[in-house]
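Everything below concerns the one structure shown next.
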2 protein chains.
Amino acid sequence: MTGGVHNLLLRVLPERERGLLLANAERVAFRKRESVDCGPAGHECVLFVESGMVSVMREAAPGLAAEVGMIGWEGLVGLPALLDADDTLHRYVAQTQVEALRVSAASVRALMASSEAVHALVLRLAHCAAAQFAATAFANAAFNVEARLARWLLMAHDRLPGGDIALTHDMLSTMLSVRRASITLAMHELEGAQAVRGSRGLVTIRDRAKLIAIAGASYGEAEAEYRRLIGATPATGHLAPMPA
Amino acid sequence: MTGGVHNLLLRVLPERERGLLLANAERVAFRKRESVDCGPAGHECVLFVESGMVSVMREAAPGLAAEVGMIGWEGLVGLPALLDADDTLHRYVAQTQVEALRVSAASVRALMASSEAVHALVLRLAHCAAAQFAATAFANAAFNVEARLARWLLMAHDRLPGGDIALTHDMLSTMLSVRRASITLAMHELEGAQAVRGSRGLVTIRDRAKLIAIAGASYGEAEAEYRRLIGATPATGHLAPMPA
DNA sequence: CATTGCCAGTACGAAAACGAACACAGCGCG
DNA sequence: CGCGCTGTGTTCGTTTTCGTACTGGCAATG
């Protein structure tokens with residue numbers, strides 16, 4: 001048994017390692033739109049996300065920002081602390097209510113040293129996180145707003161239960177670094193294609209296959225890499241087999 | 001002494017580890033525009049770049065491609081092999097003549113297990129490579145062609161000796177995933193600002209400070225992170241203290 | 001020295017995205 | 001129940017970038 005743990009990384013670990021991590025884990029929560037940090041210096045612990053989703057943002061100045069990555073139940077916040085780095089380049093923002101298991105970075109690093117399973121998992125995670133950043137770079141360079149929005153919605157859908165994503169056009173425009181009006185436009189195109197339905201502060205996924213078609217090559221490869229190297233139940237077709 | 005080795009990663013390692021790596025290293029070269037791979041399956045070895053620069057490309061289809069990262073004397077090609085992954089998502093292309101030291105991935109991984117110095121260096125490298133991908137994602141989302149071109153030229157300048165960069169507008173347009181005509185336009189603006197000079201198949205950096213100003217927040221942070229975590233002689237002001 | 005191929009410059013209309021507004025609707029709150 | 005806030009729809013003109021094409025120059029080659 002995985003002991004009611006939702007986080008994928010913890011679930012794929014052997015029972016012994018999972019037990020050791022859970023032994024000194026603390027359950028924490030973040031409110032929607034809250035900045036997700038951890039510890040006074042901000043890098044003393046790692047958050048295994050249990051539910052909700054966190055955006056990895058790059059912000060150079062007010063109004064000059066973009067999302068570069070996304071983390072949910074399949075990952076953790078604070079990877080740099082495990083890679084011998086104190087990460088100052090990114091900001092983590094909860095896009096929904098987020099629940100997570102907090103473990104000190106030191107204890108994870110200790111376990112990396114003693115457990116080959118944990119060590120290999122962290123290495124593969126580093127690779128997959130980098131692949132996601134690279135995929136975002138590719139998408140931002142080569143795809144229009146509509147495709148990038150479709151990609152974003154798919155990635156959010158992979159990480160959230162049900163088909164509803166609660167956020168405003170304004171938040172989306174910040175992440176994709178485009179105008180809010182451009183989001184409204186693109187949303188209408190997605191709605192016209194019967195791919196999603198929108199209401200005030202809520203987007204409902206209606207036809208995932210259509211979204212994938214619209215996202216084109218901007219979505220899929222990095223996610224497949226994650227499934228292949230970290231693992232996920234492929235039953236649902238997408239990344240997220242959200243437990244009840 | 002570092003024994004005439006130019007690669008930064010090898011230079012920052014303790015003499016013992018450097019010696020062990022060099023003991024079974026083989027010097028290899030790649031011609032300009034050549035695909036940089038290594039071994040039959042493509043992932044059995046690691047290339048410590050000695051000179052020249054390699055583009056990390058993402059290619060979904062002919063004409064649908066973008067550069068997501070750049071590697072020179074400061075890094076290595078084949079990081080995924082050290083992260084327990086077989087990387088199939090990226091293609092590595094030599095943008096200049098490239099010389100490198102080839103070491104089997106297995107021997108580096110063995111050294112990671114026995115040497116904490118090597119292990120920590122690889123972890124930090126993984127972090128910095130991810131930071132570069134993220135910086136590219138940010139630049140592609142939030143900056144125009146002129147700034148992105150300035151950023152690219154700066155990154156190339158950091159990795160090449162002298163102020164000359166030999167490549168065509170066509171190659172640049174492929175990397176930035178824009179029209180060739182847009183590169184010509186942006187180049188003219190950079191020339192107008194006295195930042196660079198262009199001739200047939202050659203760009204000459206004329207005023208690095210002006211380029212940095214034009215690149216704005218798209219350039220600098222990831223590079224500083226690299227310097228801070230991996231190390232570089234800060235003497236030259238930029239990343240590259242290219243040996244004679 | 002002439003031919004050939006690559007490379008930069010330039011032109012055109014079209015499409016996409018921009019910045020900055022303003023109008024309206026849903027919804028919570030007093 | 002009405003007020004006000006927030007979020008969405010929509011507008012304007014403008015700028016950037018696109019796709020495509022044609023031109024002319026430089027350079028290597030025979």
Side-chain angles (χ1 to χ4, degrees), chain A residues 31-33 61-66 95-96 138-153 164-193 196-204 214-216 218, chain B residues 31-33 61-66 95-96 138-153 164-193 196-204 214-216 218:
Chain A
R31 288 186 307 276
K32 183 170 174 161
R33 311 229 53 179
L64 188 58
Q95 294 296 346
T96 65
F138 176 56
N140 290 348
F143 290 82
N144 62 17
V145 175
E146 187 187 1
R148 286 166 57 198
L149 176 58
R151 171 175 185 257
W152 195 97
L153 292 173
D164 288 347
I165 304 170
L167 41 69
T168 66
H169 293 189
D170 210 39
M171 302 186 212
L172 282 168
S173 76
T174 300
M175 321 221 168
L176 299 187
S177 201
V178 299
R179 283 182 319 157
R180 184 190 58 74
S182 297
I183 295 291
T184 305
L185 250 287
M187 278 292 289
H188 288 171
E189 300 201 55
L190 297 186
E191 291 177 28
V196 304
R197 198 164 8 125
S199 65
R200 189 188 174 81
L202 189 75
V203 182
T204 303
I214 292 169
S218 72
Chain B
R31 289 184 307 275
K32 183 169 175 164
R33 311 232 49 180
L64 187 58
Q95 294 295 345
T96 65
F138 176 56
N140 290 349
F143 291 82
N144 61 18
V145 174
E146 187 187 1
R148 285 165 57 197
L149 177 58
R151 171 175 184 258
W152 196 97
L153 292 173
D164 289 346
I165 304 169
L167 41 69
T168 66
H169 293 191
D170 210 38
M171 301 186 214
L172 282 167
S173 75
T174 301
M175 323 223 163
L176 299 187
S177 201
V178 299
R179 282 182 320 157
R180 185 188 58 75
S182 297
I183 296 291
T184 304
L185 251 287
M187 279 292 288
H188 288 172
E189 301 200 55
L190 297 186
E191 290 177 28
V196 305
R197 199 163 7 123
S199 66
R200 187 188 174 81
L202 189 76
V203 182
T204 304
I214 293 170
S218 73

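Naming convention: chains lettered A, B, ... in sequence-line order (proteins, then strands); numbering from 1 in each chain. If you're wondering where the values come from, they're calculated on a predicted model, not measured in any experiment.
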query: Taking it one step at a time, do B/Trp152 and B/Ile183 satisfy side-chain contact (heavy atoms from CB on, under 4.5 Å)?
result: CA-CA 12 Å; B/Trp152 196 97; B/Ile183 296 291; over 6 Å; no
Taking atom [atom2] of [N] as reference, at what distance in whole Å does atom [atom1] of [X] sit?
X	N	atom1	atom2	answer
B/Leu185	D/dT16	CG	P	10 Å
A/Lys32	D/dT6	NZ	P	15 Å
A/Leu149	C/dA16	CG	P	15 Å
B/Leu64	D/dG19	CG	C1'	15 Å
A/Asn140	C/dA17	CG	P	12 Å
A/Ile183	C/dG19	CD1	C1'	16 Å
B/Asn144	C/dA17	CG	C1'	13 Å
B/Glu189	D/dT16	CD	P	8 Å

- prompt: Between A/Ser177 and A/Arg180, who's closer to the 5' end of DNA chain C by nearest nucleotide?
  reply: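 The residue whose closest nucleotide sits nearer the 5' end is A/Ser177.
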message: Assuming nearest nucleotide by heavy-atom distance, tell me which of B/His169 and B/Arg179 is located more 5' along DNA chain C.
response: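 Upstream on the strand: B/His169.
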- prompt: Which of the following nucleotides, D/dG9, D/dT16, D/dT20, is nearest to the side chain of A/His188?
  reply: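 Closest nucleotide to the A/His188 side chain: D/dG9.
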field: Closest to the A/Arg200 side chain, choosing from C/dA16, C/dA25, C/dA11
entry: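 Of all the options, the side chain of A/Arg200 is nearest to C/dA25.
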Is there a donor-acceptor contact under 3.5 Å from the side chain of [X] to the main chain of [Y]?
X	Y	value
B/Ser177	B/Ala65	yes
A/Thr204	A/Asp164	no
B/Arg151	B/Ala139	no

- prompt: Counting only side-chain N and O atoms of A/Ser199, is one of them less than 4.0 Å from OP1 or OP2 of C/dG26?
  reply: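 Negative; the distance criterion is not met.
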task: Please determine if a side-chain N or O atom of B/Thr184 lies less than 4.0 Å away from the OP1 or OP2 oxygen of C/dT10.
output: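 Negative; the distance criterion is not met.
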Stepwise side-chain contact (heavy atoms from CB on, under 4.5 Å) test for B/Leu190 and B/Leu149: CA-CA 9 Å; B/Leu190 297 186; B/Leu149 177 58; 3.8 Å; yes
field: Given DNA chain D, 5'-ward residue of the pair A/Thr168 and A/Ala141, judged by closest heavy atom
entry: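 This one resolves to A/Thr168.
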